[in-house]
Structures are given as C-alpha cells and as structure tokens.
Asks: 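Okay, handing you the structure first.
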Amino acid sequence: MMSERIAAMSDKVRNTQPTICLDRARLMTEFYSQPSMENYILRRAQAFQYFLENKKIFIDPDGEQLAGHLGSRWQAVPLHPDVTAWLYDDLETLDTRPSDRLEFLPGEKDELRKIAKIWKGHAFGDFARAQTEDLTRKMIDVGICTHGISNQSTMNHSPNYEDLVKHGYRYYIDQCKEKLAAHNVDDVYDMEQRIAWQAMIITMEAIISFAHRYADMAENMAAQCLDETRKAELLTMAENCRVVPEFAPKTFLQANQLVWFNHLSQVLEVAGGDHTLGRYDQYMYPFYEKEAAKGASEEYFKDIILEFKLKICELWNIRTEKESIADPGCPLWMHIMLGGVLPNGKDGCNELTRVFLRSMKDLQTDEPCISFRWHPNIDEETFRLAIDVAREGGSHPAFYNDTTAITYLLGLGFTLKEARNWGICGCIEPHVLGKTDFQSNPGYFNPIKIFEIALHNGCDPVTKTQLGPVTGDPREFTCIEDVMDAYAEQHNFFLREFVTLCNRTLAAHAYALPTLIGSCFSVGCIEKGKLLQQKGSNHHYSAIAISGIANIVDSLAAIDECVFKKHYLTMGELIDLLDTNFEGREDLRQLLINKAPKFGNNIEEVDKYAGWLIGFIDDSFQQYHDAHGGPYTTLVATQAYNIELGKLIGATPDGRLAGEALADNASPSLGCDVNGPTAVVNSLSACDELVPQSGLLLNQRFDPAIVAGEKGIDIIETVFRAHFAQNGYHIQINVVDDETLRAAQKDPDNYRHILVRVAGYSAYFVDLSAEIQDNIIERTVQRSV
C-alpha cells in the first residue's frame, strides 16, 4: 500500500492541468541576445549555466523528499525556442491540440509569440531543415520517411550511473581540471579539447550550484515550518542537496537525488527524451543493502522508489502537433532496467529488484518505462513476480532476452563483459551503458510505402508523383520474384537519400547543438577531450526504425497465392483494385484476405517472406555508416506512426483499405493472427531475431479471464519462454478486455488510471486519440496458448 504522501503526489502528477513554463524560453532568449565571439560550445555551456542560475524553483510543501522539478510549478512544461523551429508555426494550437494539450498563464501566449518571432529562422530546427533537398522533402511529405531528430538533441544519453554514484561530480570536474593543467594548445585540435573540458566544467559546476539553490530553499522553508516531521525532512533535503550531485551519495535517498538531478539536467539542457536510467537495481543495491541491514523497512524504500518514478512521470517533451498525434501521451522512452546477468554472467536479480517490482503493485505510472531482462538462469521467483506485475496493470515491465541483446552488442564490437551491462535507450534498442553514443531516431523509414511505389513503377499513386526509378510495369510481372526485385530496387534508391538526410542532421548537431551533460558521464569524452558529437565515445551507431512489415509480408503472400499460383486475378486487375480502393469489389478484397496465409500463424509459406524482408533490409542498412562512422542498425518499431503513416498509403494487396492503419511494430496485422500467441512468436522467429541489432518490438494482448491466477502466470511464462528460446528479443503485454476499454471510451473520468502498452511506451488509455484507442482494441485478444 502506498503512503498518503505518495498518493497525494500521484494525484498532482496525474490530475494537474499541464501549463507552459516560459522560464527557459525567456532566459535563453535573454542570454543569446548578448553579442559574443566566444566559441559556440562554450556559449551553450554558459547559456545553460545562466538558465539554471535564474530558473524559478519550488519545493512542494506537502512532503516531497526529492528536490527538483522541470518547471516553476507542478506540471509546468518548458519550451526550447532555440531548438524547435516548429514552435513558431505550432504555438497557436499548443492549448487546443487534440493530444498533449498545454495551457498558458494569462498574457503568456502573447509573450511566447514575441519570443518565437525572435528565434524564427535561427533555431536548430531551421538549420536541420536546410539540410533537406527537394527529393527528401517530397519523401517526407508522402510518408516514405520522417526527418527524425531535426528539432531536438541527439537524445539517447546513457550516463555511467554505476560510476557516478560512487564518485559524484567533483571527481569528474577534477579530472577535467587535471587535463587542462597538463594541456598545451599547439594546434586547432588542441583548442577543441580545451574548449570541451572547459564546457564540461561549466556545466557540472552549474548543476552543483542548482542543487545548492534547492538546499538554500529547503533550509529557509525548514526555518519557518511548524511541523517537526516536515521540518526534519526539509533539513534532510537541504543536506542531501549539499552533498549531491557534487560528492558521492551516502544514503539510498541521496543516491536517488543524485540520479534525479543528473537526469533532470539532461532534459533541461536541450529538447529531447530517451535518456536511460540504467540498471537501477544494480547501482542502487549497495545503498539498499547497507540501510536494509540497519533495519530500514521495505515501505521506506518503496516510498523513495515511487517518488523517484513520479519525478520522471512529471517530465514532458513537447513535440509538433503532428508528432503529438502520432505519439500521443507524451512518451519519453526513459527506461529503468531490472534483472539480467551481471558482468560475470551470474544472475543479477536481488532483493531490490523484487522491492522495486512490489512497489509497482502499489502504483503503476506511464513513465519511466520499466524493462525486465530475462536469461535462462533467471531467478524464477523474480521472473514470475515481474509477469504478475505486468499482468495486473499498466503493462510494465516489458520483457527482453539477455542472450539476444548481448549477441547484438557483440556484433557491434563490444566485449562480452561490456555487452552484459546493457540497457535500453529509445524504444527497445539495446546499448552498453555509459559507453555508447547512440541515436535511436534518425527518422522512420516506411517500407510499405516504398512497396506501394514499386507496384506503380516508381510513382506514388496517392500524389500521382514520379519519385522513384522506373522498375517495370507491374502488370507485366510474371512471378513473385519480379515484385520482390522491384521493391528492392526502389528501397535501395530511397534509402540512399534517407541516409544522406540522416547524416547531415546528425552532423549538424556537432556544430549547433552539442550535448554537454551527456558527454560528461560517457566513457571516452573526458579522456579524449571530445564531446559525444565529436566522437568522444568509443562506440557510435544509429538505428533506423521501419514500419508495416506484416503488411508487406501479407501482401507478398497474397500476390503469390492469388495472382501467380491460383490465378484468381491478374496483376493488372490487382493494381486496378488498389487504385480504386476495392470500390465495388469487396468480394475480391475478401479473397485476398481469406485465400492467402497471414503472418503470425506459424505458416512457413508466408513467414518465409518475413525472413527475406528483415534480412534484406538489414543488409541494405549495413551498406551505410552514420555521421560518426558507426553502423546503421535495424529497428522494427512504429510507435503510433503506423496510424499516421497509414493515412498516406493507398490500398495494399493484403486487403488493407486506403488510409487504414498499418500493422504495429513487428506484430501481425490487426486480427490476422488466429492461432494463438505461440504461433505469433514462432512466426516472428522466421525473421532471425539475431539479425536486426536494435530489435523487433512485439505487442501481445491477453484476455484477463484466461491469464488469471497462478495458472495465468504459467500461460504467459510459457509464451515468453517459447519466444526467448527461439532468440526472440522483446515482448510486452496488455491484459485488458474490450469491454473495459469500450467503457473507458464512454466514461473516461472513471477510467483515468488504465494504462495500456502503445508501442515502446505505455500511456493512459483515456489520453489517447479515439483512433489509437480503437487500434489498440482491434489488436487480437489471445485466449489460448
């Protein structure tokens, strides 16, 4: 049972109307209005320092023990006019948009208009937009791809929290000072190093001073507080903020405060999410073990864990209106890892793992993402507890296969010991914690749109625009291999353009939006005197997310079966059906749906196309390197873009109508998996899950009645183990029936706390748009193994 304090805090996070906080917009505008010839990296550090010195802060009087908020009041959301070029165009609808709506304080919308006008044409997003060319702009417009990180930082920061909680910031500041003391500037590269170390020092000192501001405030509040219990808490908070993040924490509460200050600062520095919180149950365990041995209760630890989670839950990352519709619920993709193997290969589950999981039974939150690492020697009690938690509400944690993730990372050049210390950055993408410069969102790449263009000889049938090469009139194709060859040629053509756009944008970050905090605590950066964007880390790579694989797989099976094998219709007739959206020929649409096998049912005849598609796409990505010289990896994850991108695509040979949603992530098409969850994971194994080095995301939905009780945990565990035994990488579940979700649509106020898994994130069901709610309801409900 959660405490009254946590219940009150949860209510504030969930039920306070989010409002715009103009502090950051004002202060960054003030700072950059002053002329300067200083280096742009030092200017970024000084701007961040100026912001933290002048940002309005508050401490909730009702009992919070962890200091620090994103804005100047509960659920106050900062804006980044220096980063987001879209702000000028979208600010008018921030308070009316259908998803992730924010309100303004009186008079502040007018002020924001003036600020946005000052930055118009000068934000990072404007610089990134200038990297696009005519063809790539058209590709974005028609849905072949998205522009990814064009209005945010390189995100995906993975601080080395294991070492950070052992040392504190002063240790790293001293390292930088030692480097500077021994450093001579003899050439341009020496100057780059000097600037990097100076910028890191400024940044870390600024965050220490930021913490001391909270210490001063807590002491002042304590002096006026009449409640002795609260007064003691405020004095403890003040002491904690004097110790961390400057020095190594001494207590479990201080360790949480250090991680929170660091994480909050990353979010405040530049726009972006996806920063990982690492293996919480490992780096926090020594503090837990020490205090538990002295008699600290489980309720004490759970209270801190839940407050820490609520701090993350209050964070926001504002996106364009279009992106807020595609990814509603303001997902942050900030993962806490639990379980998994230790660097020596032994099981990492410990009592803190179980305390954390039990705390989730008291309170589930949409953020942070909780991710559980499975391996063959996992502690069975802990694994079943994790399944029970996911089953009972909120769809957290998601489950990952250590063996597959480690194989991915070994293939990317990490040692075995390094690879075992992995976490998630982004949606489901594995990387080695503290040692990786990784980018999860260069952009989404949409193979099913390219497939549509291939079926029209390089022309987009929706806009009637010739975009791709001429690959042959599909009406003259005589076998399925002709279709596959045409798709492959179109894919390779558009991929070249897409990678060029991605690399230009990634390179732009190094010269306009370097991330300083992420550089301070990533191995290699201080050692080399280089920021992450200057190849400071020893390991760099990027993931390209793809969508709609089940639609292509089912389309290939439908064409092969209904056109080339059974001759139910010709290619010309099929193209005509697609171009007219099956108008007046529902009989032939049903033929394509019912006569051809469907992905997700453990049918080799169709699953072979999934293996071909993933293998081909991965091979094509590996021909290229990102702007830092690292490889591109394959990620099969759509978030909710399967709905938005689907609107830009006409009818497809699998029987999908024009504008309808695509299949989500690596899951089968809606309603097409009819042989149970084991058949689904067997089909997915045809993709060779050891190939795509950033993973395949699998959603599964279970009927609550089927998975109730201990037998229900047995059923879910059986599915998970079947998936992982075939190198399956990831699986996440929703356990909720249609009746409950339909009731929530009709009466949202009484169902505000229902969490559902959308893709690589969870969201409150009632906060989602009606079409995304319907898409989740339409997912197959598994009622047997």
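Nothing fancy with the numbering, it's 1 onward along the sequence. Because the structure is a prediction, the values reported are computed rather than measured. All values below were derived from every heavy atom in this structure, side-chain atoms included, with hydrogens, water molecules and symmetry-related copies excluded.
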Asks: Do Asn551 and Thr652 have side-chain atoms, one donor and one acceptor, less than 3.5 Å apart?
Replies: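 Side-chain D/A pair, Asn551 to Thr652: absent.
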Asks: Using a 4.5 Å cut-off on heavy atoms from C-beta on, say whether the side chain of Leu697 contacts that of Cys427.
Replies: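 Yes, at least one pair of side-chain atoms sits under 4.5 Å.
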Asks: Going by the side-chain contact (heavy atoms from CB on, under 4.5 Å) test, name the single residue among Ile777, Leu662, Asn775 that passes it with Leu670.
Replies: Asn775
Asks: Is Arg391 salt-bridged to Asp388, cutoff N-O under 4.0 Å?
Replies: yes
Asks: Kindly write out the residues that satisfy salt bridge (Lys or Arg N to Asp or Glu O under 4.0 Å) with Asp607, not counting sequence neighbours, or none if the list is empty.
Replies: none
Asks: Applying ring-ring contact (aromatic ring centres under 6.0 Å, His included) to Phe599 and Tyr609, what does each step give before you reach the verdict?
Replies: CA-CA 9 Å; Phe599 177 68; Tyr609 293 117; over 10 Å; no
Asks: Take atom NZ of Lys346 as the centre, draw a 6.0 Å sphere, and report whether it contains more than 12 heavy atoms from other residues, nucleotides or ligands.
Replies: no
Asks: In terms of ring plane angle, is the pair Trp422 and Tyr729 parallel, tilted or perpendicular, where the classes change at 30° and 60°?
Replies: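 Tilted.
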Asks: Looking only at side-chain N and O atoms, does Thr436 offer a donor or acceptor that is under 3.5 Å from a partner on His539?
Replies: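 Not at all, the side chains of His539 and Thr436 share no donor-acceptor pair under 3.5 Å.
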Asks: Using the side-chain hydrogen bond (donor to acceptor under 3.5 Å, both in side chains) rule, take Gln726 and Glu689 through it: C-alpha gap first, then chi angles, then the decisive distance, then the call.
Replies: CA-CA 8 Å; Gln726 301 177 88; Glu689 292 223 42; over 6 Å; no
Asks: Judged by modelled atom types alone, do His723 and Asn401 share a side-chain donor-acceptor pair under 3.5 Å?
Replies: no
Asks: Determine which pairs satisfy salt bridge (charged side-chain N to carboxylate O under 4.0 Å, His left out) with at least one residue from residues 451-475, sequence neighbours left out, and list them in order.
Replies: Lys449-Glu452, Lys449-Asp460, Arg475-Asp576
Asks: Can Gln622 and Asp618 be counted as having a side-chain donor-acceptor contact under 3.5 angstrom?
Replies: yes
Asks: Using only atom types and a distance under 3.5 Å, with no angle test, would you say the side chain of Arg701 pairs donor to acceptor with the backbone of Val735?
Replies: no
Asks: Can a side-chain donor-acceptor contact be found between Ser685 and Asn682 if the only test is distance below 3.5 angstrom?
Replies: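 There is no such pair between these side chains.
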Asks: In terms of side-chain heavy atoms, does Asp626 have a donor or acceptor partner in Gln439 at a distance below 3.5 Å?
Replies: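 No donor-acceptor contact under 3.5 Å links the two side chains.
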Asks: So, Asn699 and Ser667: side-chain donor and acceptor under 3.5 Å apart, yes or no?
Replies: no
Asks: For Lys647, which residues count as a side chain to side chain donor-acceptor pair (under 3.5 Å) partner, sequence neighbours excluded?
Replies: Glu644, Glu771
Asks: Given Tyr624 and Tyr632, is the ring-ring contact (aromatic ring centres under 6.0 Å, His included) satisfied, shown in steps?
Replies: CA-CA 7 Å; Tyr624 299 95; Tyr632 275 107; 7.4 Å; no
Asks: Are Thr638 and Ser547 linked by a side-chain donor-acceptor pair shorter than 3.5 Å?
Replies: no
